[in-house]
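Keep in mind that what you see is a predicted model, and the values were worked out from it rather than measured. We count residues from 1, following the sequence as given.
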Amino acid sequence: MNSFVQKINEIILKNNKLINEKIIGIYYLEKLKYLVLNELKNLDKSILENLSLELENNNNQSKKFEFGNRPLMLSINYYKKSLSKIKSPCNYDILSIIVKGFKKVSIFDFDENKKSILLFISKNTGLVLSKNTITTENIASGSIILDIISEKNTLDIEK
């Protein structure tokens with residue numbers, strides 16, 4: 001797994017330089033999503049196979065990064081069994097990338113609590129969610145999900 005974490009670290013470092021420093025929050029994660037996904041497609045398959053084997057035998061892993069004014073938390077999770085999270089709010093802005101498997105996400109309207117959209121996210125795709133978004137997630141068994149969490153608080157102008 002260290003080779004995968006090291007590779008992701010290199011990818012983020014390289015692509016972080018391509019994004020304007022003034023861009024933060026979900027806008028930063030959205031730009032980062034396309035850059036990371038583009039490089040993950042070309043990642044050596046042996047690194048992904050080793051990651052799968054290591055995650056099946058070990059616990060999930062998290063790592064914290066600091067890129068200037070952009071503190072990021074990287075979390076790699078393996079789901080041996082399927083998992084459902086019902087109507088839980090996002091605590092941070094988050095980029096979720098499916099490395100293996102798939103995830104179904106329902107996004108709810110904050111005010112009316114009605115389902116507004118249903119998304120199926122499969123391998124080599126990602127989704128950016130903003131802080132306080134209410135979602136229900138269904139994650140398939142055998143999935144590996146890379147979450148990049150932006151720990152920087154946005155301006156919260158609406159307060």
Using a 4.5 Å cut-off on heavy atoms from C-beta on, say whether the side chain of [Y] contacts that of [X].
X: Asn38; Y: Asn15; answer: no
X: Lys104; Y: Phe120; answer: yes
X: Ile144; Y: Ile76; answer: yes
X: Ser96; Y: Ile145; answer: yes
X: Leu40; Y: Ile8; answer: yes
X: Asn77; Y: Ile139; answer: no
X: Asn16; Y: Tyr28; answer: yes

Next item on the list: For Lys123, enumerate each residue passing the salt bridge (Lys or Arg N to Asp or Glu O under 4.0 Å) test, keeping only those at least two apart in sequence or located in another chain.
Entry: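 None.
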
* Name all residues meeting the salt bridge (Lys or Arg N to Asp or Glu O under 4.0 Å) criterion together with Lys100; count only those two or more places apart in sequence or in a different chain, and write none if there are none. =>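 Once residues adjacent in sequence are excluded, Lys100 has no partner under the salt bridge (Lys or Arg N to Asp or Glu O under 4.0 Å) criterion.
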
Between atom [atom1] of [X] and atom [atom2] of [Y], what is the distance when rounded to the nearest 0.5 Å?
X: Ser130; Y: Asn132; atom1: OG; atom2: CG; result: 7.5 Å
X: Leu119; Y: Thr135; atom1: CG; atom2: OG1; result: 10.5 Å
X: Asp147; Y: Cys90; atom1: CG; atom2: SG; result: 9.5 Å
X: Ile107; Y: Glu137; atom1: CD1; atom2: CD; result: 9.5 Å
X: Thr125; Y: Lys103; atom1: OG1; atom2: NZ; result: 10.0 Å

Closest contact, heavy atoms only, [X] versus [Y]:
X: Asn138; Y: Ser84; value: OD1-OG, 2.8 Å
X: Ile24; Y: Glu21; value: CG2-O, 4.4 Å
X: Leu72; Y: Ser150; value: CD2-CA, 4.0 Å
X: Ile94; Y: Leu29; value: N-CD1, 3.6 Å
X: Phe102; Y: Ser122; value: CB-CA, 4.0 Å
X: Leu118; Y: Ser106; value: CD1-OG, 3.2 Å

Establish whether Ile26 and Tyr34 are linked, either directly or via other cluster members, by ILVMFWY side-chain heavy-atom contacts under 4.5 Å. no

Do Ile148 and Ile12 pass the side-chain contact (heavy atoms from CB on, under 4.5 Å) test, and can you show the C-alpha distance, the side-chain angles, and the key distance before you say yes or no? CA-CA 10 Å; Ile148 302 173; Ile12 293 174; 3.9 Å; yes

ask   = Would Lys7 and Ile11 satisfy side-chain contact (heavy atoms from CB on, under 4.5 Å), going step by step from the backbone distance to the final call?
value = CA-CA 6 Å; Lys7 192 66 177 169; Ile11 290 171; 4.2 Å; yes

>> Let's go through Leu127 and Leu129 carefully: what are the C-alpha distance in whole Å and the side-chain angles of both, what is the deciding distance for side-chain contact (heavy atoms from CB on, under 4.5 Å) to 0.1 Å, and is it a yes or a no?
In response: CA-CA 6 Å; Leu127 175 68; Leu129 295 171; 4.0 Å; yes

